[in-house]
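A short worksheet on the structure shown next.
Below, chains carry the letters A, B, ... as their sequence lines are ordered, and counting in each starts from 1.
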Amino acid sequence: MSDREEILALLRENARYSTEDLARQTGLDAAEVEAVVEELESEGVIKGYQAVVDWDKVEPERVRAAVELNVTLDRETGYDDIAERLAKFPEVQGLRLVSGDYDFAMEVEGDSMSQVSRFISEKVAPVPEITQTVTHYIMESYKERGVEFGDGHDDDRLSISP
Amino acid sequence: MTFEPSERVAGVPPSGIRRFFEIAEEYDDIISLGVGEPDFAPPWAARDAAIASLERGQTSYTANRGMAELRERIAVDARERYGLDYDPDEEIIVTSGASEAVDLAFRAFLDPGDRVAVAQPCYISYTPGVEFAGADVIDVPTRAADEFKLTREALEASGAAEADALVMCYPNNPTGATMTREELKPVAAFAREHDLLVFSDEIYSELSYEHEHASIATLAGMRERTVVFNGFSKAYAMTGLRLGYALAPPEAIDAMNRIHQYTMLSAPTTAQYAAVEALESCGDEVREMRAEYDRRRNFVLSRFEEMGIDCFPAAGAFYAFPECPWEDSDEFAEALIEEKRVAVVPGNVFGAGGQGHLRVSYATSLGDLKEAMARIESFIA
């Protein structure tokens with residue numbers, strides 16, 4: 001693995017590793033690590049750093065939904081145009097063009113079910129190119145961005161072994 | 001008649017690691033760097049193959065030497081990865097862990113009065129195993145100055161020229177030392193000159209970080225005098241499934257199998273199914289585990305350096321073997337548990353050359369390693 005790949009893998013594992021810890025794990029020195037991270041950021045490879053939150057443990061709970069969108073395109077409007085418009089809404093946390101039965105997979109977040117519903121019916125559905133929306137409210141999260149929820153598995157190994 | 005242990009058993013003291021385990025067990029809040037097994041689960045495909053074999057009810061004995069399909073896969077793997085060329089029908093035996101294979105070899109080839117040179121510090125079973133077989137051990141201490149590699153000088157100085165056999169383990173538990181092909185050559189020459197059998201435990205062969213693992217059996221004139229031990233515990237994190245194997249010339253495997261067929265019959269069947277799948281499809285998982293261990297190794301070695309603790313750059317297995325800041329590593333390790341709730345294993349448990357060192361296992365999450373290292377740092381401050 002190149003230094004870039006290695007640093008990227010470690011930051012994806014834990015974006016809060018300190019420069020020193022990244023250096024200790026990769027065998028690079030701190031200045032080299034900083035240079036690689038800076039390069040990844042300035043090239044736009046790393047777009048940001050965020051906490052992975054278990055909303056079940058937070059008051060007030062956030063309501064999230066996965067929304068399927070079907071669209072029709074015309075001469076003037078492409079996928080990018082529609083995406084650009086939708087991505088501007090702060091409620092939209094994720095937006096991806098996907099293959100299969102529908103066109104966009106959208107992730108929406110709000111304070112309550114009614115707020116999310118209103119957002120879909122008042123802001124998304126009226127977009128002229130959107131022909132259909134299917135909203136799936138998220139009921140339980142087991143894993144987000146590679147992080148398993150729950151209490152983690154217990155280490156059942158003997159504390160000392162040969 | 002009473003249950004008076006036989007002379008052979010009475011002569012072997014209880015394992016020093018056991019005492020330490022009991023101390024550690026008194027606390028429920030320790031971070032343990034004393035664990036000699038992986039912290040990963042076996043690759044899913046291997047576990048799934050075991051489950052599927054159970055569902056099909058495939059739980060009968062296998063051939064004494066192990067399932068033919070497994071021996072064939074082992075042969076291919078050993079050839080492709082290490083250049084070890086062994087015939088699956090006559091030169092491979094599958095055992096209940098590499099430990100059984102080691103025991104079989106000792107019992108098959110040692111007679112009372114035979115002498116066995118054991119390179120140390122080493123896994124705790126070799127010396128008792130040799131003694132259970134009625135033979136005598138010649139301690140061959142390796143040194144931190146040699147990065148715990150076995151050298152011709154160490155063999156000569158300890159009187160190994162008089163031995164009938166040599167036991168060695170690289171990558172090494174507890175030191176994390178490895179040996180390159182070049183470094184093995186003088187050892188091989190010594191074994192040839194003094195006509196030693198070589199018992200080479202290569203259970204950590206997949207965990208070599210600085211260079212390709214080299215097996216002494218691939219050096220000139222060594223195949224005919226070497227038994228190679230390996231298994232699935234470390235590479236595939238299958239310790240509790242108890243599956244290992246030995247590679248050796250037909251007459252050696254034949255003799256080992258004579259004990260095995262009367263005592264063990266065959267290695268665990270479920271584990272053999274898991275092992276077939278592990279060899280067939282789990283190479284990526286092994287590479288990922290190795291990369292993860294390597295990052296932790298770098299981390300641990302860097303931290304010791306920052307603390308001013310001398311530690312040679314261990315290049316294999318999942319152990320570092322730093323110098324103990326105190327003279328008595330037993331006392332240090334005990335105090336470290338009591339005061340800081342961090343468990344490491346004192347080096348003297350692993351035989352000659354181990355005193356004054358600590359075995360630190362990094363088969364533990366990076367979060368725990370960070371915390372444990374911080375505690376060690378504050379302990380010695």
query: What are the residues of residues 169-178 of chain B, in order of number, with any heavy atom under 4.5 angstrom from a heavy atom of chain A?
result: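 Checking residues 169-178 of chain B against chain A gives B/N173.
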- prompt: Mind checking which of residues 27-37 of chain B sit less than 4.5 Å from chain A, heavy atom to heavy atom?
  reply: B/I30, B/S32, B/G34, B/V35, B/G36, B/E37
Enclosure of [X] [atom1] (heavy-atom neighbours >12, cutoff 6.0 Å):
X      : atom1 : value
A/Y142 : OH    : no
A/D74  : CG    : yes
A/E61  : CD    : yes
B/E25  : CD    : yes
B/K340 : NZ    : yes
A/D56  : CG    : yes
A/R145 : CZ    : yes

[X] portion near chain A, given a 4.5 angstrom heavy-atom threshold:
X      : result
B/E306 : side chain
B/R359 : side chain
B/I17  : both
B/Y123 : side chain

Contact winner vs chain A - [options], heavy-atom pairs under 4.5 Å:
options                        : value
B/A41, B/A363, B/S125          : B/A363
B/N298, B/V344, B/V345, B/V300 : B/N298
B/L366, B/I124, B/L301         : B/L366

Distance (rounded to the nearest 0.5 Å) between A/S159 OG and B/F20 CZ: 10.5 Å
Spacing of CD belonging to B/E22 relative to CD1 belonging to A/I160, to within rounding of 0.5 Å: 11.0 Å
task: Using the test side-chain hydrogen bond (donor to acceptor under 3.5 Å, both in side chains), find all partners of A/D111 that sit at least two apart in sequence or belong to another chain.
output: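 Per chain and number, A/D111 pairs via side-chain hydrogen bond (donor to acceptor under 3.5 Å, both in side chains) with A/R62.
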- request: Could you list which of residues 4-36 of chain A have a heavy atom closer than 4.5 Å to any heavy atom of chain B, in residue-number order?
  value: A/E6, A/L10, A/E13, A/Y17, A/D21, A/R24, A/Q25, A/T26, A/G27
